[in-house]
Visitor: 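Have a look at this one.
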Amino acid sequence: MKILVPVKRVIDYNVKPRVKADGTGVDLANVKMSMNPFDEIAVEEAIRIKEAGKAEEIVAVSVGPAKAQDTLRTALAMGADRAILIETDTEVEPLAVAKILKAIVAEENPGLVILGKQAIDDDSNQTGQMLAALLGRPQGTFASKVEIDGDHVAVTREVDGGLETVKLALPAIVTTDLRLNEPRYASLPNIMKAKKKQLDVKTAADYGVDIAPRLKTLKVSEPPVRVAGVKVADVDALVTKLKELGVA
Amino acid sequence: MIEREEMPYDVVIVGGGPAGLATAIRLKQVDPALSVCVLEKGSEIGAHILSGATIDPKALDELLPTWREDGCPLAETPVTDNWHWHLTKKKKFGLPHLVMPPFMSNEGNYTGSLGNLCRWLAEQAEALEIEIFPGFPAAEILYDESGAVIGVQTGDMGVDREGNPKADFQPGMNLLGKYTVFCEGARGHLTKRLKARYDLEADCQPQIYGIGIKELWDIPADKHVPGRVIHTQGWPMSETDSWGGGFLYHQANNQVALGFVTALDYKNPYVYPFEEFQRWKQHPDIRAILEGGKRVAYGARAINEGGWQSVPMLVFPGGVLAGCSAGFVNVPRIKGTHTAMKSGMLAAEAMAAAINAGRAQDTLGEYDTAVRESWIAKELKLVQNAEPMVAKWGGEIGTVLAGADMWLRTLFGFGLAKPMKHHTDASTLQRADLYQPIAYPKPDGVISFDRLTSVSYSFTNHEEDQPVHLKLKDASVPTAINLPFYAGPEARYCPAGVYEFVDPDGAGAKLQINAQNCVHCKTCDIKDPTQNIEWVTPEGGGGPNYPNM
C-alpha cells in the first residue's frame with residue numbers, strides 16, 4: 001500500500017502572529033515557518049504504519065511557495081520516501097488544495113491519504129473532508145488511533161464527550177488529531193540522507209486545477225487586548241459591581 | 001556507549017551567524033570542491049541573531065561585491081542621519097560631529113536586521129552547496145589522542161529532565177573536520193572550554209562584556225525617518241555610577257530598532273539592566289519617538305567589549321576562533337559584524353590553502369598572523385583605550401579622554417596611554433551592603449513593560465522535559481553567597497527572568513531556574529560573582545525565535 005501525506009508550511013507555533021499594519025493579513029516576512037503540527041502527526045503515523053509492514057511507500061505532498069520544499073525535506077528526514085511540491089505563490093484555499101490532491105491521488109493511487117485535521121494558520125478544518133467528498137471515499141476525521149486491518153482501517157475519532165470508532169474500507173481519507181502520536185525528531189543523519197531523496201516540483205496547471213481564490217479577505221485584525229481586572233473588597237462589593245455591569 | 005554516526009567534512013563550522021556564514025561562503029569561493037557544513041543551534045538561521053544593527057559593509061563588499069543588487073535586505077536602508085546625544089534625566093545635548101574622530105561617522109553604513117542579513121547570507125551559502133543544519137547545536141568538542149580538535153558532536157535529542165533517554169531519543173552525531181571553526185558569538189560555551197584547554201588568553205586581557213537588550217517597534221509613519229541613527233550616553237547609567245548607552249535606529253517599514261547596552265563591569269549589585277532599558281525609553285526624547293507605536297519584538301544578547309587587548313590566540317591544533325567567539329567588536333563604534341565577517345574570510349583563506357597543501361588538524365598560525373596584519377587590527381587598535389577609559393574615569397571624563405586618545409591615535413599613531421587592562425566582569429561586583437537598592441519606576445504598559453511580558457516577545461521556547469541547561473557547579477552557592485552578600489544579582493541581570501529566588505513554604509529562599517525562558521544571552525555565565533553558573537547548550541531548536549532582530 002502507498003500512503004499519501006499532504007503537509008502544509010505554516011507560521012511556527014512558537015511565533016506570536018502579527019497582523020500587517022494595513023490589515024490585509026498576517027505579516028510573514030522573516031517569520032519562522034514550519035510544518036503544521038497536525039501534519040507532522042500524520043507523517044509520523046504514516047511512518048509507523050510503514051514500520052509495521054502495512055505500507056511500502058510514503059509520498060509527502062505540499063501546495064505552497066518554493067520554501068515549502070524545506071517542509072517536505074523535514075517529512076523526508078522523518079521517513080517519507082519521496083515528495084511532490086505543487087509550487088504556487090498565491091494563497092490557496094482548502095477547496096483548491098483538495099482538488100489538487102484529488103488529481104495527485106488519481107496519479108499515485110494511494111491506499112490511504114492521511115493529513116492533519118486542520119492547519120494552525122487558518123484553522124479551516126476542511127481539506128480532508130473536501131478531498132473525501134471529491135473522491136467519493138470514506139473518511140475518518142479527528143483520529144486518535146488508526147489501525148490498518150487488511151482492506152479496512154479502524155479509526156478511533158475524538159468526538160464531543162468521548163471516542164467513536166469507525167471502520168472504513170480502503171482506500172480512505174484519515175485526518176489526525178493531537179493525541180494520535182508524538183512525532184519523532186528528524187535526526188541529523190536522516191536530514192543528510194533526505195537531501196538526496198526525490199522531490200518533484202510541479203504546478204497546479206500541470207494537473208489542470210484552477211486555484212483562483214473563491215473567498216475575499218475583507219480585514220484581518222488582532223484580538224482585542226484584555227483589560228485589567230479590578231479588586232473588590234468583599235462579596236457585597238462584588239455583587240454590587242456585577243449588578244452595575246448588568247451580569248447579575 | 002551510545003552508537004553515533006559520523007560524517008567527515010573538510011571544514012565544520014560551529015555557528016550560523018555572520019562570521020560562520022562568511023567563512024563558509026569564502027571557503028567555497030576559494031575552492032568549490034571543499035565540503036563545508038554549518039551547525040546552528042537556533043531553530044533556523046537568524047533565530048538567535050540579535051544586533052542593533054548599523055553595519056559597516058566593508059567585509060560584505062569584499063565577500064559579495066554585488067550584494068546591493070542581489071536582494072540583500074541590508075541594502076534597503078542606508079544611514080542618512082547620525083546623531084549622538086548626551087542625556088540628562090530630562091534633557092539631551094547633541095554632541096557635535098566635529099569632536100568625534102572620522103571613523104565614528106556612520107556615512108556609508110546601513111541599518112537593518114542582522115538576523116535578516118544572516119538569512120540572506122544563508123541563501124547565498126546554500127546556492128554554493130554549503131550544508132546548513134539549523135536546530136543542531138555543537139554540544140561537545142571531539143579531540144584525537146594528540147589533543148587536536150577533530151570535530152564536534154551535536155546535541156542528543158529526546159533526553160528527559162534527569163538525563164535519561166526518552167522514547168524519541170536521537171543520539172547526537174559526530175561531525176569531523178580537517179579544521180573546525182568556532183564562531184559561536186560572544187561567550188560561546190565551547191569557545192570557553194577551548195580558551196581554557198589551550199590557554200588561549202595567556203597573552204591577552206580577559207574578555208569583558210555588556211548586556212544589550214533590544215526591542216523592535218512599529219511607529220507612526222510621520223515620526224519615521226528611514227536611515228536616522230541615534231546613540232545616547234549619560235542618563236540613566238549616570239545614576240548608578242555604571243556605564244552603558246542606548247541606540248535607536250530608524251529602519252525599513254516604519255520600524256525602529258532600539259536598545260540599551262549595560263556594561264557588565266558594574267559594581268552595584270542592585271543594577272538591573274532590563275529596568276535601565278525600560279526607564280531609558282521613558283526619557284522624553286525617546287518616549288516622543290515611540291508614542292503611538294507598538295512593540296513587536298524583544299530580545300537580549302551579551303556583546304564583547306574587551307576590544308583589541310582581549311583578542312585571544314585564534315588558533316589551536318585542528319581549529320580556529322572567528323567572529324565574536326574571538327571578540328572583534330569595535331566598542332566606540334558598537335560594530336562587530338564587519339570585523340566578524342572579515343575574520344571568518346581570513347580563516348577560510350588560510351584553511352583552503354592548508355587543505356589544498358594536504359594539511360589537516362594542525363595549528364593554522366598563518367590565520368592568527370593574517371588577522372593581526374589585517375584592517376581588523378588596524379581599526380581596533382585605534383579605539384583600544386576607549387572602553388577602559390570610560391570604565392576607569394566614568395562616563396563624562398572618560399568620554400573626553402577616550403575621544404582625545406582616539407584622535408591622537410588617528411592623527412599621530414599614539415594615544416594618551418598604553419593599552420589598558422581589564423578585569424573580568426564577575427570580579428567587579430561588590431557587596432550589597434555597600435549600596436542602597438535602586439527604586440526603578442513601574443512599567444506603564446505603553447512604553448515600558450514588565451520582564452515576563454517582554455520575554456514572550458522573544459518567542460523563546462524550550463522542550464520542557466529536558467535537563468536544565470544552566471548548570472550550577474555548586475547548588476548551595478546561590479543561597480549561601482549570592483543572596484546574602486550580593487542580594488541575588490542573577491534575579492536582576494538576567495533579561496529573561498530565568499533566575500528567581502522563591503520561598504514557597506517560608507523555610508528559606510531557594511533559587512528557581514526557569515530555564516525555558518532563557519534567550520541564550522550568556523549574561524549569567526559572565527556575571528555570576530563566583531562563576532558558579534555554567535551555560536551549556538540546550539536541546540537543538542530551543543531558545544528565542546527572533547524575527548527581524
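Order of the sequence lines sets the chain letters (A, B, ...), proteins ahead of strands, with each chain counted from 1. Only heavy atoms go into these numbers, but all of them, side chains included; no hydrogens, no water, no symmetry mates.
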Visitor: In chain order, what residues pass the salt bridge (Lys or Arg N to Asp or Glu O under 4.0 Å) check against B/Lys41, with sequence neighbours excluded?
Guide: none
Visitor: Salt bridge check, A/Glu44 against A/Arg48: does any charged N sit closer than 4.0 Å to a carboxylate O?
Guide: yes
Visitor: Look at the aromatic rings of B/Phe136 and B/Phe133 and report parallel, tilted or perpendicular, splitting at 30° and 60°.
Guide: perpendicular
Visitor: Using heavy-atom distances under 4.5 Å, tell me whether B/Met157 contacts chain A through its side chain, its backbone, both, or neither.
Guide: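 For B/Met157, heavy atoms of backbone and side chain both lie under 4.5 Å from chain A.
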Visitor: So do the side chains of A/Lys50 and A/Asp81 get within less than 4.5 Å of each other, counting heavy atoms only?
Guide: yes
Visitor: Could you have a look at B/Gly445, B/Ser456, B/Gly540 and say which one has the most heavy-atom pairs with chain A under 4.5 angstrom?
Guide: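 Ranked by contacts with chain A, first place is B/Ser456.
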Visitor: Sort by residue number and list every residue of residues 183-193 of chain A having at least one heavy atom under 4.5 Å from chain B.
Guide: A/Tyr185, A/Ala186, A/Ser187, A/Leu188, A/Pro189, A/Ile191, A/Met192, A/Lys193
Visitor: Given heavy-atom pairs under 4.5 angstrom as the criterion, report whether the side chain, backbone, both or neither of B/Thr154 touches chain A.
Guide: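 The answer is the side chain of B/Thr154.
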Visitor: Once you measure the plane-to-plane angle for B/His224 and B/His250, does it fall in the parallel (<30°), tilted (30-60°) or perpendicular (>60°) bin?
Guide: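 Taking B/His250 first and then B/His224, their aromatic rings sit tilted (interplane angle of 30° to 60°).
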Visitor: If you count heavy-atom pairs under 4.5 Å with chain A, which of B/Gly541, B/Gly115, B/Gly158 comes out on top?
Guide: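 Winner by heavy-atom pair count: B/Gly158.
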Visitor: Can you pull out the residues in residues 11-20 of chain A with any heavy atom less than 4.5 Å from chain B?
Guide: A/Tyr13, A/Asn14, A/Val15, A/Lys16, A/Arg18
Visitor: If a pair satisfies salt bridge (Lys or Arg N to Asp or Glu O under 4.0 Å) and one of its residues is in residues 218-228 of chain A, list it, with sequence neighbours excluded.
Guide: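 Found A/Glu222-B/Lys294.
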Visitor: Side chain, backbone, both or neither: which part of B/Ser113 has a heavy atom under 4.5 Å from chain A?
Guide: neither
Visitor: Should A/Asp122 and A/Lys8 count as an ion pair when the cut-off is N to O under 4.0 Å?
Guide: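 Result for this pair is yes, salt bridge flagged.
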Visitor: Thinking salt bridges, do A/Lys54 and A/Asp149 make one under a 4.0 Å N-O criterion?
Guide: no
Visitor: Quick check: do B/Leu50 and B/Leu114 have side-chain heavy atoms less than 4.5 Å from each other?
Guide: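 No, every pair of side-chain atoms sits at 4.5 Å or beyond.
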Visitor: Please tell me whether B/Trp217 and B/Tyr298 form a close aromatic pair, meaning their ring centres lie under 6.0 Å apart.
Guide: no
Visitor: Between A/Arg157 and A/Glu164, is there a side-chain N and carboxylate O pair less than 4.0 Å apart?
Guide: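 Salt bridge present between A/Arg157 and A/Glu164.
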Visitor: Could A/Glu158 and A/Arg179 be called an ion pair, given the rule that one side-chain N must be under 4.0 Å from one carboxylate O?
Guide: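 Yes.
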